[in-house]
Structure formats: C-alpha cells, structure tokens
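Beneath this line is the structure, given in structure tokens, with notes to follow.
FYI, side chains are in, hydrogens and waters are out, and symmetry mates aren't considered; it's all heavy atoms of this structure.
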Amino acid sequence: MTDNNTTTNKSTYANQGKLARLPLPSLEETLDRFITTVSPLLTTPQQKDTCIAQVNNFRHTDGPKLQKLLEEYDQQGKAEGTLGSFVEEFWSDAYLAPDSSVVMNLNPFFVLEDGPDNNRSKDQCGRAASLTFSAIKFASSLKKEAIVPDEFRGKPLCMDQFRALFGASRVPKIGERDAVEVDPESSHVVVLQNNQMYFFEALGQDGSVCVNEQDILEILAAIQADATLEPPDITSRNSLGVLTTLPRKEWAAARSLLVSTSEHNETALEVIDGALFVLVIDDVKPKDIHEAASNMLHGTYDLRSRDDLIDYQAGSCCNRWYDKLQLIVCSDGRAGINFEHSAIDGHTALRFVSDIFADNVVQFAQSITKTIYSNHDGMFPSIIQADVKRASSTNSVIPKKLSFELPQEILDKIYFAETTLSDQIVASETKVLEFTGFGKTLIVQNKMSPDSFVQLSMQLAHFRLYGKIVSQYEPVLTKGFYHGRTEAMRTATEKAATFCKTWMDPSATNDKKLEALREATVYHSAGIKNALTGKGIERHLFALKCIADKNNIATPDFFSSEAYSKLNHTILSTSNCGNPSLRLFGFGPVVQDGFGIGYIIRENGLNYSISSKHRQTERFAHTLKQTLIDMGKLIQPMSSLKVECSRTVKQDVEKDNAATEYLEAYSDTYGEGPQSSFSSSFDNLSVTATSKRSSATFARVLHKQTSMSRTRLSSFGENITPREGGRKKLGEDERSTG
C-alpha cells in the first residue's frame, strides 16, 4: 500500500496499462496440484485412489476440451477488450448470482480503532462527522483521480475496484442475477438513523467538497433531532433497509413492488442507490468487544414489547442498507465499516479506511501544532488532498428526509424480513480473541512467516478440538494482475496435517514439534507465493466448470466428486486484512457447520474475529488461545537472543540466505510484508494492449447508473432544518487541512 496521497502526482489509474493479465495455467499442472491439495482431506486409501482415478478420467476426457474453450474465451476477451481475465465474468457471477442473503454470508466488516482525540472519539456525532468528512474528501480526490495508486513491494496493483467504491449499489433484478450499478456523478451521502433515511449534498459540481466537518456536525445534529421524534416501535415497522437482508429474489420482488407503487418510491430508491455511501448512526452502545464485532457484522437483536404486548425489534439490525458501503458509528463513538463485497475486496476497503483514519490522526496533529508553526498544515501535510469549497447557500446542503409510500404488502414483507433476520442473528455467534502473548515480531525473529504461523494455529486449534483435518481457505491478493481479485490458498496441506498429528503425539519432543511447524510454514508460504503470482488452482478449476455451463456442456462428474466437494466445503474460512487503523476484521462462515475467521497480525499481538452458526464459537476461541500459548513456548523469545559481537562475511551471507526462505514466502493476504524477489515472477509476464484502457473505462462487470440531475435531487425529500448559527462565511474556499 502507498504511504499517503502526497508522495506523487501520479493519476489513480495511471498504472492500469502496466499490468499483465492473469495467466491461465495448464490443465496438467492444475490437476496435479489438485491431487496434492485435496489429499490431506481424504482419510482412506480408497478415497485417495478414487480421487486419482476421477482426476485422470477428467484429464483425458472433458478436461482438454474445456481447457481449449477457456483458452479461446480468454483470448477473445483479450482481443475485444471485454474481459480482464479468464475468470472475471465467472467470479462476478459467483457473487451476484446466488439467491442467499448478503448478511453474514457475504458482507465483511471492520471495527476501527478509537480516534486520536479521546474526547471526540467518544462522541457519536463528533466521530461520525470526522470520519464522514475524511470519507467525502477521499471520494472527491478519487473522482479527480488524485488518489495515489496502490503498489505492492514496488509493483503496481490494479485500481479498477475503486470505481465501485463510491456511488455503487448492488441492485436485485427479477429473473436475472444482481447487478452492481455505479453512478459516476454521485455527490450526496445517505444517513440512516432510527430506521429513517436522510441525505445531504457533499460534493460540488466540480467534484470539490462542499461541506466541512463543522457543517457535517450540524447536519447530523439536525438529523438526530428529527430521527428521535419517532419512537423505535413505530420506525421499526417502516424499516425499509431490512429488506436488503432478504434472499435476493425476494428482495427483487419487494423492490419491484415498491417501484410500481409510486414514482416517488422509485426516485427515493435512486437517491439511495446513487449515494456516495451510507452513514449509519446506531443507537447502540456495545457492552464489550464481542458485541461491537457483532453489531458491525449484522446489527444487534433487541426485542421489546409495548404496553399492549405487541413486540417490536429495537435493535440496530434493521438500521442498515446492506447493498452499499456503510460507515457505522455507535452511540459511544465506536466506528466500523460493513461493505458490499461483490465488486470490491478487503484490500480496497482497507485502503479507504486506512486513509480516512490516518486523515483523522493528521487533523488532530494539525490542531495541536498549527498554533505553534506558522504554515497552514502545522508541519503535518494532509493525508487526503481535496479542495473544500463550502456551498454558497445553506439550502444547497441542508439535510433532507427520504420518505416512502408503503402499501400493506410491503409492511408485511418488512416484518417478515425482520423476523427472519432475527432468527439468523439468534442462531449466530461472534467472539473476539485479542491475543497479546506475542505477534509478528517474535515470529519473524524465529524465521517463520507470520501469516503461515497464524494459519496453522487455526488448523491446529480445530484439530485439538475435533481431531480432524478440515478444509481451510485463505484468499490471496492477485491485484498485481489486470482486474485481479483473489486466488485460494488451502492451509490443510500434507505438511500441516503432519504438524497437527505430531503436535498431538504424546511421544513427540518439542524439537520434533518445532521442526514440523517450520516445515509446514515454509510449505504454506510457498503456496501463498504460487497463488500470488497466478499459479493457483481453484480459480482455474472454477472457470473450467463455468465454461462448460456457458457452452451448454453437461457439468463433468469430476466437479461432483467427493474430493472436489470436500475441498470446497470450507469449514475454516479465514482471511488476513488489517493495519493499525483496524481493531477487528471479520465475516460470517461460508457453510452451515463452518467458522468465519478474520484476523489481524500486529507487531506484538494477534487479533481474531470468529463467527459461526450453531457451533461452539467461544470454546474454539479458547482452544485457539491455548494453542497460541503452547506454540509460543516453542519459539525463541526475545530475551533469550544473544548479541553476536563479531561475525564473518560468510556468516552474514549464510544467515541472509536462511532468512530469504521465510521472507520471500511471507505474503500476507492483503499485501503487507517485507521486500522479496517474488516480483520477478511478474516481470516475465507481458502487458497486453487491451490492458491499456483509459481511466474512464468501467470494468466489464459494472453497470453505469443513470445519474440524477442536481436540480431533481435538490427538489426531492423533506427539508430538515439544521441548528441556527452554525454555518459561517458561506462560500469561503478552503484547501483541506482537516
């Protein structure tokens, strides 16, 4: 990731033409690796023999034909400039075609660290205003293509996902898959509070920011005053956002009914869809970190009864709009993100969150130093460069309330959507493990990859608890390629299985356990490197399956085999995403009997967010903690390291060579790690002419949304009057310094 937005004047999308296409592996290589990958999950010799026979049958029958079709499809997409890779269309469909609810099944969440200003970070409106102001500045800078493009160890990363960060919405469709629609002219923010919706203009016609932080604070105060006029037992009945938690076909039907009810409803939905993002103000104060994580994942469950015994949902679970990027702020100032995952991955969301959090930190630093130093920034340059030109008229940025005409059929759907969601919440559990015994520093000192170490800790914890090696998934960043997203790494390797079994062997010595741990981490790191450089197997196999369907070819038996099913039944769905701006990152399980585990590797700690349905989540977290403690006893602590007073050149070389193995393989899922020579793998890949698209080109999987005119937007909605005496010097131009 880049340092900040001030290091270069390079356009956000300047590196797109430098990116190679994702390579299409050979069929032979992928099938050979498949056998190796799935082998630890096959517990009997008969299962393994059957797997080999089925793979070889596919290798000599359907496989070559599908490989040829996929190669032709890839070449056609390259020649016509319609596809960024052989898997792009299919991977998009994998997100947008399923009918299941996005809540707990797709949307991930972040919990941010507390803000730098202790007083402001505990104040809900103050924290919301600060984060929203920075987010609007980021949107303005991105609109002008001034956000510095991401790099990974000196190599450019694809920035295409940023086109779907703001003004984007997942829209359900009747009779077809969902679509991600993007309004490139988006200029307003939607606010959700007490199940009611509001919006205000945030960007001017030239893309500059038309409100400052104080303006936003006053806007939020006005919204809060209006939102609290209605009690929650009334607003919960009309909580339209809960419809976004429905299975997609049901939501498509409900949305169609809303639109057919009145033109007013259609326009109101356009306002929501076209917003930069949704700011969610929650009337919730999480009692602990577990509840904070749960609130960001799916909201809270708080069933209450009125005096007439009619129950209603007073939790925050209805105060959401899951089809868009949501910035969520609790009543105690705790903040987080819940993002729609179809078009953006964690790395893109992390860049956004990192920049706005860092911008808050710099604003705080500037507030301290600007009275000491004469320059405007107080010795600290702004993280996000954006022009702030406050609106010349109060009326142009006054908050407005969105209303809907809701027939009884929609009101019934809202109620049933809430009860169904409440069932899911009650059946789910999220627990947090913030381990402080050691972290990245100690693991690296012991010449192991921190990411591989953490991955093995989860497999071992599950093995200790259940005695089984299970399928474990880790997504690996492939944004080093044009329109790249992720590839799969499977942690349950033969080396990992050996490590787990050695660990549980009462006769195994600590040296044997440590040796098995080292071998497993090296093997895992090599797999990460393969995935990172386009040599993974799962996106290839998935594309082969999809190309058969695209050409009306019956799905080969290989894809319904026991081996293929076992590999794709992911009991441990894991992902590593984080930096100092985040306290937690997480998501729900991908199968009913699985765990969803997001983790963050810190210098001196490891944070896990663990979610499951009908599983012993707390017990798993406890076992994982004990596992980390026990693994920590095997690795050399800092206090036992000795300082070498004199060393020969030969010794230096030998130590550097030994370190290279773990350093090169250390490729955290979202790209943080020491410099390595893996980048040479990208250097040998050619850049195609079709990759050199203009910065205005949308990815094939996105749909350009028709923008509402500013006149139409400004005339829609009910005005909410801000506090008097708030706005001063209207029309004053400012260079943003926070």
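In this model, no donor atom of one side chain and acceptor atom of the other lie less than 3.5 Å apart for Asn576 and Glu474. Donor-acceptor pairing under 3.5 Å is recorded for the side chains of Ser422 and Glu418. Side-chain polar atoms of Asn105 and Ser100 form no donor-acceptor pair below 3.5 angstrom. Checking Tyr198 against Gln224 by side-chain atom types alone, no donor-acceptor pair falls below 3.5 Å. Looking at Ser457 and Tyr599, their side chains never bring a donor and an acceptor atom within 3.5 Å of each other. Inspection of the Ser101 and Thr245 side chains reveals no N or O donor paired with an N or O acceptor under 3.5 Å. Under 3.5 Å, the side chains of Gln455 and Asp451 contain no donor-acceptor pair of N or O atoms. In this structure, a donor-acceptor pair under 3.5 Å is present between the side chains of Lys479 and Thr348. With hydrogens and angles left out, the side-chain atoms of Ser134 and Gln363 include a donor and acceptor closer than 3.5 Å. With 3.5 Å as the limit, one finds no donor-acceptor pair spanning the side chains of Ser239 and Asn195.
Considering every non-hydrogen atom in both Ala293 and Ser609, the closest pair reads CB-OG, 4.3 Å. Counting all heavy atoms, side chain and backbone alike, Ser611 lies closest to Gly588 at CB-CA, 4.2 Å. Contact between Arg163 and Val182 at its shortest, heavy atoms only, is O-CG1, 3.3 Å. For Ala202 against Val189, the heavy-atom pair with the smallest separation is CB-CG2, 4.0 Å. Heavy atoms only, all atoms of each residue included: Ser575 and Pro475 are closest at OG-CG, 3.4 Å. When all heavy atoms of Leu203 and Glu201 are compared, the closest pair comes out as O-OE1, 3.6 Å.
Val397 has its side chain out of reach of Asp215: every pair of non-hydrogen atoms, C-beta onward, lies at least 4.5 Å apart. Residues Val211 and Arg390 fail the side-chain proximity criterion, which asks for heavy atoms closer than 4.5 Å. The shortest distance between side-chain heavy atoms of Asp99 and Arg248 falls below 4.5 Å. Two residues are said to be in side-chain contact when any heavy atoms from C-beta on lie closer than 4.5 Å; Tyr322 and Glu340 fail this criterion. In this structure the side chain of Arg120 reaches within 4.5 angstrom of the side chain of Ser130, judged on heavy atoms. The shortest side-chain heavy-atom distance between Leu279 and Val329 falls under the 4.5 Å cut-off. Side-chain contact between Thr436 and Asn604 is absent, with no heavy-atom pair separated by less than 4.5 Å. Taking the side chain as every heavy atom from C-beta outward, Leu96 and Val180 approach each other to under 4.5 Å.
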Starting from the C-alpha separation in whole Å, work towards a yes-or-no answer on side chain to side chain contact (heavy atoms under 4.5 Å, CB included) for Val284 and Asp302. CA-CA 10 Å; Val284 169; Asp302 182 11; over 6 Å; no
Could you go through Glu270 and Ser169, starting from their C-alpha distance and side-chain angles, then the distance that decides it, and tell me whether this counts as side chain to side chain contact (heavy atoms under 4.5 Å, CB included)? CA-CA 10 Å; Glu270 288 178 20; Ser169 182; over 6 Å; no
Taking it one step at a time, do Arg255 and Asp273 satisfy salt bridge (charged side-chain N to carboxylate O under 4.0 Å, His left out)? CA-CA 12 Å; Arg255 184 179 169 115; Asp273 292 342; 2.4 Å; yes
Output, in order, the C-alpha distance, side-chain angles, deciding distance and verdict of salt bridge (charged side-chain N to carboxylate O under 4.0 Å, His left out) for Arg602 and Glu113. CA-CA 13 Å; Arg602 301 194 181 282; Glu113 288 284 8; 3.1 Å; yes
Apply the test side chain to side chain contact (heavy atoms under 4.5 Å, CB included) to residues Tyr473 and Val590: give CA-CA distance (whole Å), side-chain angles for both, the deciding distance (0.1 Å), then the verdict. CA-CA 10 Å; Tyr473 172 92; Val590 298; over 6 Å; no
Can Ile147 and Arg351 be said to form a side chain to side chain contact (heavy atoms under 4.5 Å, CB included), step by step? CA-CA 10 Å; Ile147 295 294; Arg351 169 67 191 278; 3.1 Å; yes
Please assess Asp345 against Gln161 for the test side chain to side chain donor-acceptor pair (under 3.5 Å), listing each intermediate value before the final yes or no. CA-CA 8 Å; Asp345 294 315; Gln161 292 181 27; 3.1 Å; yes
Given the rule in the salt bridge (charged side-chain N to carboxylate O under 4.0 Å, His left out) test, do Arg583 and Asp114 qualify, once you have shown the distances and angles that lead to the verdict? CA-CA 9 Å; Arg583 183 171 179 182; Asp114 291 341; 5.7 Å; no
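In this structure a side-chain-to-backbone donor-acceptor pair under 3.5 Å is present from Ser236 to Pro232. In this structure, Asn319 contributes its side chain and Ile281 its backbone to a donor-acceptor pair below 3.5 Å. Distance alone, capped at 3.5 Å, is enough to place a donor-acceptor pair between the Asn265 side chain and the Leu258 backbone. A donor-acceptor pair is defined here as one N or O able to donate and one able to accept, closer than 3.5 Å; no such pair exists between the side chain of His341 and the backbone of Asn107. Between the side chain of Ser186 and the backbone N or O of Leu276, at least one donor-acceptor pair lies under 3.5 Å. A donor-acceptor contact shorter than 3.5 Å is absent between the side chain of Asn194 and the backbone of Gln196. Within the 3.5 Å criterion, the main-chain N or O of Arg619 finds a donor-acceptor partner in the side chain of Thr623. Of the possible donor and acceptor atoms, one in the side chain of Gln326 sits under 3.5 Å from a partner among the backbone N and O of Trp321.
Distance OG1/Thr267 to CG/Leu402: 10.0 Å, rounded to 0.5 Å. Note that CD1 of Ile600 is 9.0 Å distant from CD of Glu434, once rounded to the nearest 0.5 Å. Taken from CD1 in Ile337 to CZ in Phe277, the straight-line distance is 8.5 Å, to the nearest 0.5 Å. Taking CE of Met104 as the reference point, atom CZ of Phe109 lies at 12.0 Å (rounded to 0.5 Å). The distance from the CD1 atom of Ile289 to the CG atom of Leu584 is 4.5 Å, given to the nearest 0.5 Å. Here CG of Leu303 is found 9.5 Å from SG of Cys317. Values are rounded to the nearest 0.5 Å.
Of the candidates Phe587, Phe357, Phe585, Phe585 is the only one forming a ring-ring contact (aromatic ring centres under 6.0 Å, His included) with Phe110. Between Asp282 and the choices Arg334, Arg127, Arg320, the salt bridge (Lys or Arg N to Asp or Glu O under 4.0 Å) rule is met once, by Arg320.
Between Phe352 and Phe166, the ring-plane angle classifies as perpendicular under the 30° and 60° cut-offs.
Surrounding NZ of Lys613 are more than 12 heavy atoms belonging to other residues, nucleotides or ligands, all under 6.0 Å away. Within a 6.0 Å radius of OH in Tyr415, other residues, nucleotides and ligands contribute 12 heavy atoms or fewer. More than 12 heavy atoms of other residues, nucleotides or ligands lie within 6.0 Å of CD in Glu405, so this atom counts as buried by the packing criterion. Residue Asp283 places its CG atom among 12 or fewer non-hydrogen atoms of other residues, nucleotides or ligands, all under 6.0 Å distant.
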